[in-house]
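Let me begin by presenting the structure, written as structure tokens, before commenting on it.
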There are 2 protein chains.
Amino acid sequence: MGPPVADGPWLGMRQSMATRGQSVARTLRDGVLDGTYKPGARMNEVDISNALGVSRTPVRGALGVLAAEGLLDYVPNSGYVVRRYTVQDVEDVYAARSVLEGLAARTVAERGLSDHHRGMLHKVLSETQALCDAQEWSEEVRDAWSRLNEAFHEAIFEAAENRHLRELIGKSRSIPQLQAVKFRWHDLDTLAESYSDHLEIFEAIADRQGARAEYLAREHVYRSGRRLIANWRRFETPAPVRRPTRRVPRAA
Amino acid sequence: MGPPVADGPWLGMRQSMATRGQSVARTLRDGVLDGTYKPGARMNEVDISNALGVSRTPVRGALGVLAAEGLLDYVPNSGYVVRRYTVQDVEDVYAARSVLEGLAARTVAERGLSDHHRGMLHKVLSETQALCDAQEWSEEVRDAWSRLNEAFHEAIFEAAENRHLRELIGKSRSIPQLQAVKFRWHDLDTLAESYSDHLEIFEAIADRQGARAEYLAREHVYRSGRRLIANWRRFETPAPVRRPTRRVPRAA
DNA sequence: CCGATGGATATTGGATGCAATACGCCTTGA
DNA sequence: TCAAGGCGTATTGCATCCAATATCCATCGG
């Protein structure tokens, strides 16, 4: 691990990027979102450096960025800790998300759907309906539904053509452990319910019913939030018995 | 400027903070918001280091954070540039802000005002009324009004007790040059109009009229946004004649 | 006269070493 | 037995050095 490093295929990097710093940031961000790094966990710079095969410099940069994104808490001279979202936090996030998605839906309804976005939404809805009609439930179905749900909402944000709105929604979707918790308790009934919501939202948008689209989107997100909140506690990592201690005694 | 640095009173630092990195971040953030660093300007690490009397290390950290906050654009291997907000961007921001402030107002109306927040709002409104009644207009009046406006909205966010909402609103208020542009064209009429808006919002909240509070807040922010947008172009820095070039030839 | 090409150089990216800080633990005293 | 203080050490903060990269500019070829 000398200075030049010979640029081998860095193990631990999920994808090559422009700079090591960006690469590390992406790796750590994914890790926080999917629960690899659990809420309350200390982000030790040296450990991460060793794990990713880089020096502390890009790691420090990445940690600062993730803290600015709200994924980590930073305590000067102490370090970075994965931020813990309480049930209250999740409620707050979804309250905000619901009005933002409402805005997106209304905007698209008023602006009108382009053929491109109409096609995308139609495709997503068709596939979702197929999933519903199959009347089967499995890991694969759940993942497929997760992706379709993502795609539906994503298409609406994209059609709204509001850069700032995208950034805010992105922030609202960046919750530690969210990927690990979301959809975990879903079943065929909730799938059908969500599909029906999506269909109504789409029709309202297509019919350029701005106020109705906004209301439906808000309500849809609100209900999704309720489901998530009802299950959040069950997946919470246990409370921090001791305050996040600085040093973890090594095995040796 | 040797390694130990003897910790003198660093010139250029506006306030001492826990770490140099935080201090630099705050200084640069203020500079971007108040227009000291103009949109499109390159943030040269060496120049900033020299200006602030620190090494490049904390500067680099701060730049990464500001980029994550959306104040700077980052191009790998090229550097950081102050993000340029077009009229479209400002429209987008205010579209989002209006629904977020609407949410805040509705939340407070439904939750009910604590005595503390009721007192704060009352105080702010009284002072604003005094400002209106004086029927004078000056730099000082404008600044006072700016602060009172800030305080009014801030009190409502605080009363909403929604941490995430606060973060999102904060992001929506972080626009380069905003401090330099905002309120610049205001006069006694717009002051009176805004005061009247604030009063109505307050009364709706106090009367626990959630839907009405939401509507009024949305509309109020929307109108403020219209005013800002109408004047944004006039204060825009001229278009970048050449693409943001990497190197600026020195005088020597 | 204009476009391509190859240094020269400014600037960023990253690694390393050292200083500063805070935490854990042990000692000491009552 | 428990509280207070000091020491050792892990860890972060920062400065500096070197490598990598992109831009600029001069030169060259057409």
Side-chain angles (χ1 to χ4, degrees), chain A residues 1-8 10 13 16-27 41-67 72-81 240 242-252, chain B residues 1-8 10 13 16-25 41-67 72-81 240 242-252:
Chain A
M1 222 179 298
V5 138
D7 267 15
W10 315 314
M13 295 293 182
S16 79
M17 293 190 61
T19 70
R20 287 168 172 70
Q22 288 187 299
S23 181
V24 171
R26 180 177 290 238
T27 302
R42 289 183 40 78
M43 304 296 277
N44 184 300
E45 297 176 2
V46 176
D47 292 345
I48 295 171
S49 305
N50 294 336
L52 301 185
V54 297
S55 79
R56 279 177 52 214
T57 305
V59 173
R60 284 184 55 90
L63 291 176
V65 167
L66 295 193
L72 304 178
D73 288 325
Y74 170 61
V75 182
N77 290 314
S78 173
Y80 297 85
V81 172
R242 328 185 334 172
R243 71 179 182 288
T245 178
R246 174 183 177 77
R247 184 179 329 178
V248 179
R250 303 234 174 245
Chain B
M1 218 180 302
V5 138
D7 267 15
W10 316 314
M13 296 293 181
S16 80
M17 293 190 62
T19 71
R20 286 166 172 71
Q22 287 187 299
S23 181
V24 171
R42 289 182 42 77
M43 303 296 277
N44 184 299
E45 297 175 3
V46 176
D47 291 346
I48 295 171
S49 306
N50 294 337
L52 301 185
V54 299
S55 78
R56 278 177 54 217
T57 305
V59 173
R60 295 196 45 158
L63 290 176
V65 167
L66 294 194
L72 304 178
D73 287 325
Y74 170 60
V75 181
N77 290 314
S78 173
Y80 297 87
V81 172
R242 328 187 333 173
R243 69 179 184 287
T245 179
R246 176 183 176 76
R247 186 181 325 176
V248 179
R250 303 229 175 247

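Numbered from 1 within each chain, the chains take letters A, B, ... in sequence-line order.
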Distance test, side-chain N/O of [X] to OP1/OP2 of [N], below 4.0 Å:
X     : N      : answer
A:N77 : D:dT12 : no
B:R20 : D:dA15 : yes
A:R56 : D:dT12 : no
B:T57 : D:dC14 : no
B:R42 : C:dT12 : yes
B:Y80 : C:dT11 : no

Starting at [atom1] of [X] and ending at [atom2] of [N], how long is that distance when rounded to a whole Å?
X     : N      : atom1 : atom2 : result
B:I48 : C:dA10 : CD1   : C1'   : 16 Å
A:Q22 : D:dT21 : CD    : P     : 14 Å
B:D73 : C:dT12 : CG    : P     : 15 Å
A:Y74 : C:dA22 : OH    : C1'   : 13 Å
A:E45 : D:dG13 : CD    : P     : 6 Å
A:R60 : C:dG13 : CZ    : P     : 16 Å

Checklist entry - When you measure from the side chain of A:V46, which nucleotide among D:dC14, D:dT12, C:dT12 comes out closest? => result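 Out of D:dC14, D:dT12, C:dT12, the nucleotide with an atom closest to A:V46's side chain is D:dT12.
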Checklist entry - Of the nucleotides C:dT12, D:dT11, D:dA15, which has the atom closest to the A:N44 side chain? => result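 Of C:dT12, D:dT11, D:dA15, D:dT11 is nearest to the side chain of A:N44.
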Checklist entry - Applying the side chain to side chain contact (heavy atoms under 4.5 Å, CB included) test to B:V24, which of B:L63, B:T19, B:L66, B:V59 qualifies? => result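 Exactly one candidate clears the test, B:V59.
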Checklist entry - Touch check for A:G21, heavy atoms < 4.0 angstrom, all strands: base, sugar-phosphate only, or nothing? => result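 Since only primed, P, OP1 and OP2 atoms lie under 4.0 Å of A:G21, the category is sugar-phosphate.
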Next on the checklist: At less than 3.5 Å, do the side-chain atoms of B:S78 and the base atoms of D:dA22 form a donor-acceptor pair?
Outcome noted: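 Absent.
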Checklist entry - What residue pairs, at least two apart or across chains, pass salt bridge (charged side-chain N to carboxylate O under 4.0 Å, His left out) with a residue in residues 48-59 of chain A? => result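 For residues 48-59 of chain A: A:E45-A:R56.
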Checklist entry - Considering heavy-atom distances to DNA chain C, does A:P76 or A:S55 have its closest nucleotide positioned more toward the 5' end? => result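 So the residue in question is A:S55.
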Checklist entry - Which pair of heavy atoms, one from A:G64 and one from A:Y80, lies closest together, and at what distance? => result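 Reported closest heavy-atom pair: CA-OH, 3.7 Å.
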Checklist entry - Once you round to the nearest 0.5 Å, how far does OH of A:Y74 lie from CE of A:M43? => result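 It is 14.5 Å, given to the nearest 0.5 Å.
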Item to check | CG on A:L52 to CZ on A:R20, rounded to 0.5 Å | outcome: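 Answer for the CZ-CG pair, A:R20 versus A:L52, is 11.5 Å.
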